[in-house]
Trainee: 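This structure is in structure tokens; I'll ask about it shortly.
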Amino acid sequence: MQQFSSTQAKQNFGQLMKASALAPVAIERHGKVQALVMSPDFHEAARAAQDLMAERRLARLQQAGIEKDRLIRHHRIALDLLTVEPAQRAGLIQQARDTVDRWRREQLSSRDYVDRWAALLALPVQELAKEMVADADGWGTALRQNSPWVGLRT
């Protein structure tokens, strides 16, 4: 950032205006910045960049909220799997396996998701419940996004 003393700014106003068209210019008085001069174009571009960053932050927060909701839903399903009658538990797990089999058969989902969910659904129920809400080697969020439990009621 270019800097002008207040005296230089007064005496070289044309040069100050030319410099401010390229980037903000600091005007100092007694060694401290007292003002910034910038062109309207630069100001608008800076404001647009700031708005874009705010939109991105908002989108990240919204996505985090969605993932939190998915995690809560999978916590509830895991708890239900641990507490319902064995016959009902077996039926719920079978429905999820059927969903994964349909994904495989009809190629509705990536092989990665199909294989990972098939492996999880083959675990004993205590391990399944734990893994459903874990990070799953970095796959937790993705697996909850593409879940065979969607639409199942417990």
Side-chain angles (χ1 to χ4, degrees), residues 1-4 16-17 19-29 32-154:
M1 176 181 304
Q2 196 169 358
Q3 296 180 335
F4 282 71
L16 170 70
M17 295 300 290
S20 72
L22 303 174
V25 176
I27 299 177
E28 296 180 347
R29 187 168 186 192
K32 292 184 181 177
V33 175
Q34 298 294 318
L36 293 175
V37 178
M38 67 182 80
S39 71
D41 290 342
F42 186 88
H43 180 264
E44 189 57 40
R47 188 174 184 160
Q50 197 173 32
D51 290 347
L52 180 61
M53 291 302 292
E55 286 177 27
R56 288 179 180 169
R57 264 187 248 114
L58 178 60
R60 282 192 297 273
L61 285 172
Q62 288 171 334
Q63 190 58 42
I66 290 168
E67 170 50 23
K68 182 179 176 185
D69 290 344
R70 288 180 184 138
L71 181 60
I72 289 169
R73 181 172 178 6
H74 281 77
H75 270 280
R76 289 180 180 149
I77 293 167
L79 184 60
D80 287 346
L81 289 173
L82 294 170
T83 59
V84 298
E85 296 295 322
Q88 188 179 1
R89 174 186 312 132
L92 291 170
I93 293 172
Q94 189 55 51
Q95 282 181 299
R97 285 181 183 144
D98 291 345
T99 298
V100 172
D101 287 342
R102 193 174 114 250
W103 290 351
R104 181 181 318 230
R105 213 177 34 255
E106 299 176 18
Q107 298 179 346
L108 297 174
S109 185
S110 161
R111 187 129 187 115
D112 290 328
Y113 293 114
V114 170
D115 292 345
R116 288 177 189 275
W117 271 115
L120 288 175
L121 292 168
L123 295 172
V125 70
Q126 291 83 5
E127 289 180 50
L128 169 61
K130 181 181 169 187
E131 291 298 318
M132 283 173 49
V133 296
D135 185 40
D137 297 325
W139 278 82
T141 300
L143 289 173
R144 286 186 290 274
Q145 181 178 348
N146 195 19
S147 172
W149 302 105
V150 173
L152 294 181
R153 290 194 173 175
T154 57

Trainee: Hey, are the side chains of Val133 and His74 touching, using non-hydrogen atoms and a 4.5 Å cut-off?
Mentor: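 They are in side-chain contact.
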Trainee: When you compare the side chain of Phe42 with that of Ser20, does any pair of heavy atoms fall below 4.5 Å?
Mentor: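 Contact flag for Ser20/Phe42 side chains = no.
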Trainee: More than 12 heavy atoms of other residues, nucleotides or ligands under 6.0 Å from CD of Glu106: yes or no?
Mentor: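 Count over threshold, so yes.
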Trainee: Taking atom CZ of Arg76 and atom CG of Leu71, what is their separation to the nearest 0.5 Å?
Mentor: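 Output value for this atom pair is 11.0 Å.
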Trainee: Gln95 vs Leu92, test: side-chain contact (heavy atoms from CB on, under 4.5 Å). Steps then yes/no.
Mentor: CA-CA 5 Å; Gln95 282 181 299; Leu92 291 170; 3.7 Å; yes
Trainee: Would you please test Met132 and Trp117 for side-chain contact (heavy atoms from CB on, under 4.5 Å) and show each step?
Mentor: CA-CA 9 Å; Met132 283 173 49; Trp117 271 115; 4.2 Å; yes
Trainee: Can you tell me if Arg105 has over 12 outside heavy atoms packed within less than 6.0 Å of its CZ?
Mentor: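 Count over threshold, so yes.
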Trainee: Could you state the interatomic distance from NE2 (His75) to CG (Asp80), rounded to the nearest 0.5 Å?
Mentor: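 Taking NE2 in His75 and CG in Asp80, the distance rounds to 13.0 Å.
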Trainee: In sequence, state the C-alpha distance, the side-chain angles, and the governing distance for Glu127 and Leu120, and then conclude on side-chain contact (heavy atoms from CB on, under 4.5 Å).
Mentor: CA-CA 8 Å; Glu127 289 180 50; Leu120 288 175; over 6 Å; no
Trainee: Please answer whether the main-chain N or O of Val84 pairs with a side-chain N or O of Arg89 as donor and acceptor at a distance below 3.5 Å.
Mentor: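 Checking the backbone N and O of Val84 against the side chain of Arg89, a donor-acceptor pair under 3.5 Å is found.
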Trainee: Start with the C-alpha distance between Leu36 and Met1, add both sets of side-chain angles, then the distance that settles side-chain contact (heavy atoms from CB on, under 4.5 Å), and finish with yes or no.
Mentor: CA-CA 10 Å; Leu36 293 175; Met1 176 181 304; 3.7 Å; yes
Trainee: Quick check against the 3.5 Å criterion: does Arg73 have a side-chain atom that pairs as donor or acceptor with the backbone of Trp149?
Mentor: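 Looks like yes, one N/O pair under 3.5 Å.
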Trainee: Any chance you could measure Leu58, atom CG, to Glu55, atom CD, to the nearest 0.5 Å?
Mentor: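 Atom-to-atom, Leu58:CG and Glu55:CD are 8.0 Å apart.
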